[in-house]
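Report on the structure given below.
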Amino acid sequence: MANWMNLGQQVKVNARRYATKLALKDAQRSYTYAEVNERVNRLAHGLLGLGLKKGDKVAIFTDNCIEIIELYLATAKTGIVIVPINFRLVGQEVEYIVNNADAKAMVVEAQFTGVIDPIRKNLKNIPSDHYVVVGEKADGYVPYDAFIAGKPDTEPHGEVLPEDAWILIYTSGTTGKPKGVIRSHRSHIAFYLINGLDMGFGEDDYCLNIMPLCHINSTFYTFTFLYIGASVYIHPSLFFRAPDLLRIVEAERITFISLIPTHYNLILTVDEENRGRDVSSIRKLLCSSAPVRRQMKQEIMAFFPNAELYETYGSTEAGSVTGLKPKDQMKRAGSIGKEVLGTDFVRLLDIEGNDVPVGEVGEIYSKGPMLFDGYYKLPEKTASVFKDGWFSAGDMGRRDDEGYFYIVDRKDNMIITGGENVYPSEVEEVVGSHVDVFDCACIGVPDEKWGEKIVAVVTLKAGVEKTAATSDAIQAMCREKLAAYKRPKDVIFIQSEEMPRTATGKILHRKLRERYFA
């Protein structure tokens, strides 16, 4: 894949091929491919003018907007590495990521400067004049439009290779600290080509992007459309409202959307007025991040009568691993499908590293061109997730006799709530730090709206009574130290002897889930 162009280079070509065609649009603005390429070039020269060079990092803290797409494109053209940060995080969490990534500049959306301002003094690698704001003006920030104004619209110089790092994206860690996943241009190019072929996308498609652009899902699916010369409508992901989505689909004649089960749940419960929206333009739908019940699938397909429904399984590290095609949605309910194009045979291995027989449970390992290039500054952790070149995200699964895969459990007890991955240990670290808490375990409990909701199961220190005030105090501490989606929805108090443990004292999350699922 050495000769394939990355996304920024391909948009340069698309600016010639589709000069006057719609590339990006939001509620207020629209830009052709020629206009996008000119803006991106000005932005690229602006970043280089800060002294950034190939391999340097720029952190991004915004919701979905045209500017964040332009930042992805500008970094692709210059070899600068983009560090997208989940805008739901609190200051302490952002501070760790920015410093760990060694970011030398930062772009912040105006609505989030209140998160960044208190920690700016702690962001050790970013000079005071290397902060750019998107949207309204803010003290101490260079306005985005001013930052690109007057810069050359010519292509930036310098060679960017497919194997060069492009995105450093952080995932929640099982020890409470997020890990930086290094992804190359090559891995994304592979996805664009494989995904475009596998799902049959073309230049006449029109994607509505509502999934957060700080997640791998959007950098895969949304950017596929820009790569092939199709059109993209950008919508903020914060405060998702199903009526807004349906209105945009009707007005813009959208052909594709990628959503999570929580989004579909909200769409399926809209009022009669919004159920009457014309959504006939939708040709393909994607559902990812969490399993979809059979009944919900039937309701989705009835709501979008002209659409084919796809599901995928993968991870930030592995990219797409398996996919369930439209023809299999009903007859293979509960399955994550078969290997996607370009992925080597998915392996299920036992604890000794042996392939397990059909029908038996093993840890899921995959290998293919979409794989990441390791964890930033964590060589030992990188080595631990590979086995002879095969990667595992720690999920357990089985394969049936026709080659369809099924997830059995998440090895590290990860919770998926509203499409966000949350590891219990990160929440437990905060809850357990409360002065009255003796021990705690966080589990995901099935929830109609969020897929799973986080429940903190807590044991208190001797002499402390379980009261509403204690629960409120724990919740208040979580609001201060954790992003909203990581906070427990419920706090349950139990006696210490009721906490299920192994012989060595380790809490058995599985036993807690079994208890509270029932």
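By the ring pair (Phe, Tyr, Trp, His ring centres under 6.0 Å) test, F191 is found to be paired with F220, Y221, residues two or more places apart in sequence or in another chain being considered. The ring pair (Phe, Tyr, Trp, His ring centres under 6.0 Å) test applied to Y310 returns no partner, not counting sequence neighbours.
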TODO: List the steps and the verdict of salt bridge (Lys or Arg N to Asp or Glu O under 4.0 Å) for R283 and D205.
DONE: CA-CA 9 Å; R283 298 198 290 258; D205 271 303; 2.8 Å; yes
- Task: Decide side chain to side chain contact (heavy atoms under 4.5 Å, CB included) for N100 and I97; before the verdict, give the C-alpha distance in whole Å, the side-chain angles of both, and the deciding distance to 0.1 Å.
- Result: CA-CA 5 Å; N100 182 261; I97 291 173; 5.8 Å; no
Can you check salt bridge (Lys or Arg N to Asp or Glu O under 4.0 Å) on E308 and K325, steps first, answer last? CA-CA 8 Å; E308 296 178 319; K325 298 292 185 68; over 6 Å; no
Go through K25 and I234 one step at a time and tell me if the side chain to side chain contact (heavy atoms under 4.5 Å, CB included) criterion holds. CA-CA 6 Å; K25 185 174 182 178; I234 306 296; over 6 Å; no
Q | Evaluation steps, side chain to side chain contact (heavy atoms under 4.5 Å, CB included), between Y227 and H188 | A | CA-CA 10 Å; Y227 198 84; H188 284 259; over 6 Å; no
Let me see the working for L259 and L286 under side chain to side chain contact (heavy atoms under 4.5 Å, CB included), right down to the final yes or no. CA-CA 6 Å; L259 298 169; L286 178 74; over 6 Å; no
- prompt: Does the salt bridge (Lys or Arg N to Asp or Glu O under 4.0 Å) test come out yes or no for R29 and E67, once each step is laid out?
  reply: CA-CA 11 Å; R29 303 167 294 174; E67 288 82 0; 2.7 Å; yes
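Side-chain contact of S366 with D344: a donor-acceptor pair under 3.5 Å is absent, judged by distance alone. Judged by distance alone, the side chains of D198 and N195 never bring a donor and an acceptor atom under 3.5 Å apart. For Y192 and N6, the side-chain atoms include no donor-acceptor pair closer than 3.5 Å. S335 and D328 share no side-chain donor-acceptor pair at under 3.5 Å.
For W166, the CH2 atom counts as densely surrounded, since its 6.0 Å shell holds more than 12 non-hydrogen atoms of other residues, nucleotides or ligands. The local environment of CD in Q298 is crowded, with over 12 non-hydrogen atoms from other residues, nucleotides or ligands closer than 6.0 Å. Annotation for K489: atom NZ counts as buried by contact number, over 12 foreign heavy atoms lying within 6.0 Å. The local environment of CG in D204 is crowded, with over 12 non-hydrogen atoms from other residues, nucleotides or ligands closer than 6.0 Å.
The pair K104-D56 meets the salt-bridge criterion, with a side-chain N (NZ, NE, NH1 or NH2) lying under 4.0 Å from an Asp/Glu carboxylate O. Looking at D164 and K54, a side-chain N of the basic residue comes within less than 4.0 Å of a carboxylate O on the acidic one, giving a salt bridge. Under 4.0 Å is where a charged nitrogen must lie from a carboxylate oxygen, and between K377 and D102 at least one such pair does. Between E317 and R183 no salt bridge is recorded (no basic side-chain N to carboxylate O distance below 4.0 Å). Salt-bridge check for E155 with K77: passed, with a basic side-chain N closer than 4.0 Å to an acidic carboxylate O.
Both the sub-6.0 Å distance and the 45° axial angle are not jointly satisfied by K338 relative to the ring of F405. A cation-pi contact, defined as under 6.0 Å to the ring centre and within 45° of the axis, links R120 to Y141. Judged by the 6.0 Å distance and 45° axis criteria, K179 is positioned over the aromatic ring of Y375. At least one cation-pi condition fails for R253 and Y206: the charged atom is not both under 6.0 angstrom from the six-membered ring centre and inside a 45 degree cone around its axis.
The minimum heavy-atom distance linking I228 with E203 is given by the pair O-CB, 3.8 Å. Nearest approach of Y170 to V83, heavy atoms of both residues: CE1-CG1, 4.1 Å.
For E70 (side chain) and V40 (main-chain N/O), no donor-acceptor pair under 3.5 Å exists by modelled atom type. Judged by distance alone, with hydrogens and angles left aside, the side-chain atoms of E93 form a donor-acceptor pair with the main-chain N or O of V90 at under 3.5 Å. Within the 3.5 Å criterion, the main-chain N or O of G8 finds no donor-acceptor partner in the side chain of K12. N41 places a side-chain N or O within donor-acceptor distance of the main-chain N or O of D153, the cut-off being under 3.5 Å. Under the 3.5 Å distance criterion, the side-chain polar atoms of Y72 are left unmatched by any main-chain donor or acceptor of I167. The main-chain N or O of T32 is found under 3.5 Å from a side-chain atom of E35 such that the two form a donor-acceptor pair. With T417 contributing its side chain and E420 its backbone, the two residues share no donor-acceptor pair below 3.5 Å. T322 places a side-chain N or O within 3.5 Å of a backbone atom of I336 that can act as its donor or acceptor partner.
Of the inter-residue distances, the one linking T62 atom OG1 with L213 atom CG reads 7.5 Å to the nearest 0.5 angstrom.
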